[in-house]
Protein chains: 2
Amino acid sequence: MTTSNPPYANPWTNKVIKCQDCGLKKLCFPKNLAAAEIQALEAIITRSQSYSKGDCLYHAGDLLTDLIIIKSGSAKTERVAETGAAQIVSFHLAGDLLGLDSLSKRKAVSSVTFLENSCVCVIPYPAFNALSEAAPQLQEEIISRLCEEIANSHNLMLAMNNYTADQRVAVFLQELSCRQHSRGLSKELLHLSMSRNEIASYLGLAPATVSRALSKFERDGFLQVANKHLQITDYQALVNLALACPECALAAAT
Amino acid sequence: MTTSNPPYANPWTNKVIKCQDCGLKKLCFPKNLAAAEIQALEAIITRSQSYSKGDCLYHAGDLLTDLIIIKSGSAKTERVAETGAAQIVSFHLAGDLLGLDSLSKRKAVSSVTFLENSCVCVIPYPAFNALSEAAPQLQEEIISRLCEEIANSHNLMLAMNNYTADQRVAVFLQELSCRQHSRGLSKELLHLSMSRNEIASYLGLAPATVSRALSKFERDGFLQVANKHLQITDYQALVNLALACPECALAAAT
DNA sequence: CGGGCTATTGAGCGCAGTCAAGTGTTGTGG
DNA sequence: CCACAACACTTGACTGCGCTCAATAGCCCG
């Protein structure tokens, strides 16, 4: 799975990037940590392992040995029932922690797959646990992330149960827009790394319904669709449709 | 909200019940803790505050100052969107921790309401935090509970998106049956503390659809319905319909 | 015993799913 | 670099599940 490039180094530049110099430091795991703690983290992080589009980080049932953070790229978390029914439960962007739902068991309850070529930072659990004994803020940060994940799930459930197909797609776009924005990217230009199929699974819709919604938004004049490149031309119209979705507030706070 | 009875005492017997003597000790928060830690917990727990059916523990936005555990009774967690759309995201039974989704912010993102007359144990956050510095197992336990909550949400999402109305109701009954069973109660006799309306909200269905599903189960001969008292007469038939729902495995492990 | 609420059941309709055909896009090998 | 194959997406027609609305029946409280 892992393509072979030197550990501890960015595969593009072959240079080691420290947390202090990382573009994600305002957003990523260490955002609330003191300088000394970040320095301690530096010592145990393996940087910039890279994966290709479609690579699987782990499957349900795998043993987990590390805390993984997306440095660049994106991923999906998918849950599969014994019946074979599958459900994408979250999309992950740069700065997100992966495998939070499996943290306590150390055994994956879902699978994570990369949606594009991606790099990750790896923190081995033993070293992390040793570190968090000295720095309780690390545990706090983990707990905070877990709470966010719960709140996100609940919001998604609310949307799935109470909103129409069009509204759900609007919520999805708004959420993505907010998350891109908080990463310093444009609010209006969305680059989807996931397929229509994956969006449909996430929102509990049929793929055809997602297509129809996007086409409708284009007809209604507030979105331009060019395959995976979307442009929101009237943000307020989108928000009106999504009706002040709570995801956005959360994503903005992240 | 709180009815006035002496703190630290069971309102029925007026006797203080220690964690060691509590019927829930196999299931409740301290289940994985060492004797010394439980003893330390004892010192900071306020026991047996009681609430009446319909009482609200807290509303979204309220400041949270304590960790709350249901000692007896049941409750629901409800999330309300700015649009007014409401969604019940979980039902809580004895031994459950309340307000996990609001833990990190110390400010409720959802509201908790009791479904019947209930008693709770209260652990003030400051005392709890002080204690967990000395006993990291406490933090571990919290993290474990949070992970379970995430997994539960994801399972529910999966059910809502992939299962028919009948299957969802079957999943709900099976889940409840498992949770009752792990609390030492019957697997077959279910006593619903929630209304059809609340079940419908939880499952993302209309109340009428829940009624219809229950009537159908009765016609099909594996369930007897007498208002809030249900009896599962063919458990396997129910499981076949719910198709090995993952909730059950989780509830059994709790 | 009556009032109010909750649950059940029926009739009809609409949203979104399914199926299928057609179009566009991407990646691969000649 | 082009041709082709495989795949992803769009769009249309039709169907059906579950929602809505409404009327009736049952339960629980004072």
Side-chain angles (χ1 to χ4, degrees), chain A residues 52-55 76 85-88 113 115-117 158-173 190-220 223-231 241, chain B residues 52-55 76 85-88 113 115-117 158-173 190-220 223-231 241:
Chain A
S52 303
K53 178 178 178 174
D55 280 356
K76 62 175 174 180
Q87 167 75 30
I88 292 176
T113 308
L115 298 170
E116 57 192 317
N117 296 348
L158 193 150
M160 292 190 317
N161 277 347
N162 298 282
Y163 292 179
T164 65
D166 286 352
Q167 281 182 309
R168 291 188 224 181
V169 175
V171 165
F172 170 75
L173 294 179
L190 302 181
H191 294 248
L192 306 182
S193 57
M194 65 292 286
S195 68
R196 301 286 192 272
N197 245 298
E198 288 163 334
I199 298 172
S201 168
Y202 179 67
L203 295 174
L205 298 170
T209 307
V210 175
S211 263
R212 270 185 254 270
L214 292 176
S215 303
K216 181 170 181 299
F217 293 172
E218 197 163 27
R219 272 200 309 281
D220 291 351
L223 185 74
Q224 285 178 1
V225 182
N227 200 13
K228 304 227 166 185
H229 299 268
L230 309 184
Q231 179 162 14
L241 220 159
Chain B
S52 303
K53 177 177 178 173
D55 279 356
K76 62 176 175 180
Q87 166 75 31
I88 293 175
T113 308
L115 298 170
E116 57 193 317
N117 296 347
L158 194 151
M160 291 191 316
N161 277 347
N162 298 281
Y163 291 179
T164 65
D166 286 352
Q167 282 182 309
R168 294 188 222 180
V169 175
V171 165
F172 170 76
L173 294 180
L190 302 181
H191 295 250
L192 306 182
S193 57
M194 66 291 286
S195 69
R196 301 287 191 270
N197 246 298
E198 288 163 333
I199 298 172
S201 168
Y202 179 67
L203 295 174
L205 298 170
T209 307
V210 174
S211 263
R212 269 185 255 270
L214 292 175
S215 302
K216 182 173 180 295
F217 294 172
E218 196 163 28
R219 272 200 310 282
D220 291 349
L223 184 75
Q224 285 179 1
V225 182
N227 199 13
K228 305 229 165 185
H229 298 270
L230 309 185
Q231 179 162 12
L241 220 161

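Because the structure is a prediction, the values reported are computed rather than measured. Residue numbering restarts at 1 for every chain, and letters A, B, ... go by the order of the sequence lines.
Each of A:N227 and A:R212 was assigned the nucleotide of DNA chain C with the nearest heavy atom; the assignment lying further toward the 5' end belongs to A:R212. Toward the 5' end of DNA chain D, the nearer of the two residues B:V210 and B:K53, judged by each one's closest nucleotide, is B:V210.
A:L205 comes within contact range of the sugar-phosphate backbone alone, with a heavy-atom separation under 4.0 Å but no base atom that close. Residue A:K228 is in sugar-phosphate contact alone, with no base atom involved, counting any heavy-atom pair closer than 4.0 Å across all strands shown.
Among A:L205, A:L223, A:L241, the one residue that satisfies the side-chain contact (heavy atoms from CB on, under 4.5 Å) test with A:V169 is A:L205. Screening A:K228, A:K53, A:E116 for a side-chain contact (heavy atoms from CB on, under 4.5 Å) involving A:S193 leaves a single residue, A:E116.
On the nucleic acid side, DNA chain D has its first and last nucleotide under 4.0 Å of a heavy atom of chain A at D:dC9 to D:dA13, going 5' to 3'.
Judged by distance alone, the side chain of B:R196 and the main-chain N or O of B:N227 form a donor-acceptor pair under 3.5 Å. Side-chain atoms of A:E218 come within 3.5 Å of backbone atoms of A:V225 as a donor-acceptor pair (strictly under, hydrogens ignored). A donor-acceptor contact shorter than 3.5 Å is absent between the side chain of B:Q224 and the backbone of B:L230.
What separates CZ of B:F217 from P of C:dT9 is a distance of 14 Å, to the nearest Å. Across the protein-nucleic acid pair, A:R168 atom CZ and C:dC15 atom P stand 14 Å apart, rounded to whole Å. The distance between atom NE2 of A:H229 and atom P of C:dT25, rounded to the nearest whole Å, is 11 Å. Atom CG in A:L192 sits about 15 Å away from atom P in C:dT25, given to the nearest Å.
Residue B:S211 places no side-chain N or O under 4.0 Å from the OP1 or OP2 atom of C:dT9.
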